[in-house]
There are 2 protein chains.
Amino acid sequence: MNKKYSCKLDPETCSKTRMAIQDTLDVVGGKWKLVLLSILRGGKRRFKELSREADISPRILSKELQELEMNGLVSRTVCDTKPVTVEYALTTYSETLSDVLISMQKWGEQHRKKIVAAS
Amino acid sequence: MNKKYSCKLDPETCSKTRMAIQDTLDVVGGKWKLVLLSILRGGKRRFKELSREADISPRILSKELQELEMNGLVSRTVCDTKPVTVEYALTTYSETLSDVLISMQKWGEQHRKKIVAAS
DNA sequence: AATACCGGTTACAAAAAGGATACCGGTACA
DNA sequence: TGTACCGGTATCCTTTTTGTAACCGGTATT
């Protein structure tokens with residue numbers, strides 16, 4: 001009778017849901033994560049290649065790659081070549097993100113159309 | 001023979017995909033959008049109610065609500081009551097986001113498990 | 001007239017994110 | 001020995017985002 005507000009889902013479930021979505025946002029959000037993932041979809045790259053292709057400074061690149069690696073989305077392999085090179089590549093685990101990325105892509109596309117149409 | 005790198009998808013398609021995903025991130029990303037959407041899933045709220053429930057300052061709240069409204073996810077209704085009140089509610093259009101939110105939620109949940117297990 | 005609530009806005013401070021530049025240790029090559 | 005490329009870090013600075021506090025116009029209540 002006197003509940004403050006009517007929530008279809010109880011507050012606990014709500015906040016768990018929110019946390020899960022936030023987790024995902026933390027992993028793929030930010031300015032560079034997605035750019036790097038999509039470049040790596042084209043195959044492995046070395047550090048400087050990524051830096052050039054994405055036009056991103058080494059400091060940021062290094063940080064972003066570490067985060068992606070910590071989340072298991074990207075692998076880092078040191079190659080014993082003339083000047084030591086390091087290869088970054090997508091992991092198989094990164095494929096688990098495809099549902100997320102595909103739904104985001106679809107929504108983004110239709111939303112842009114909608115917004116453009118409305119203006 | 002001499003292509004710089006082998007991309008399964010041609011670069012144009014890649015960048016369109018990226019842009020679409022970025023659009024989505026712009027809409028639901030950030031610190032507050034999701035919190036507000038999930039509170040509003042429990043039914044409409046007035047400005048101060050949102051401010052209190054989310055513990056968000058009026059300045060930020062105002063900005064976030066404007067953005068959500070611009071994107072058609074939230075409606076703003078001025079009620080002609082004793083002290084004028086304003087009601088914010090989810091639009092039907094906001095339901096188009098459900099695929100995105102559900103997939104993000106699922107991935108976030110399993111990812112957290114994975115990360116926790118690994119540590 | 002004084003006070004209080006509502007939906008905001010303004011001006012300012014703090015913190016987080018992102019960027020530019022220089023540099024390091026290692027190896028090769030001229 | 002000098003130069004160049006590699007992966008990456010350290011330092012400093014700018015931009016963006018978020019937070020704090022006071023305040024405004026409008027209406028109702030005391």
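Heavy-atom basis, side chains included; hydrogens, waters and symmetry copies ignored. Throughout, a chain's letter reflects where its sequence line sits, starting with A, and its residues are numbered from 1.
- Spacing between atom CD1 of A:I60 and atom P of D:dC13 amounts to 16 Å, rounded to whole angstrom units.
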Walk along nucleotides 3-11 of chain D from 5' to 3' and tag each nucleotide B, S or - by protein heavy-atom contact under 4.0 Å, base first, then sugar-phosphate. ---SBBBBB

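- With 3.5 Å as the limit, one finds a donor-acceptor pair spanning the side chains of A:S103 and B:S103.
- Protein atom CH2 of A:W32 is 12 Å distant from nucleotide atom C1' of C:dA17, rounded to whole Å.
- Among residue pairs with one or both ends in residues 109-119 of chain A, those qualifying as salt bridge (Lys or Arg N to Asp or Glu O under 4.0 Å) are A:R112-B:D23; sequence neighbours excluded.
- Remark: A:R45 does not engage A:E87 in a salt bridge, criterion side-chain N to carboxylate O under 4.0 Å.
- Residues B:Y88 and B:R76 have side chains that bring a donor and an acceptor to within less than 3.5 angstrom of each other.
- For A:S62 (side chain) and A:P58 (main-chain N/O), no donor-acceptor pair under 3.5 Å exists by modelled atom type.
- Residues satisfying the ring pair (Phe, Tyr, Trp, His ring centres under 6.0 Å) test with A:W107, not counting sequence neighbours, are A:H111.
- Between B:L61 atom CG and C:dT9 atom P there is a gap of 10 Å when expressed in whole angstrom units.
- Between A:I56 atom CD1 and C:dG18 atom C1' there is a gap of 9 Å when expressed in whole angstrom units.
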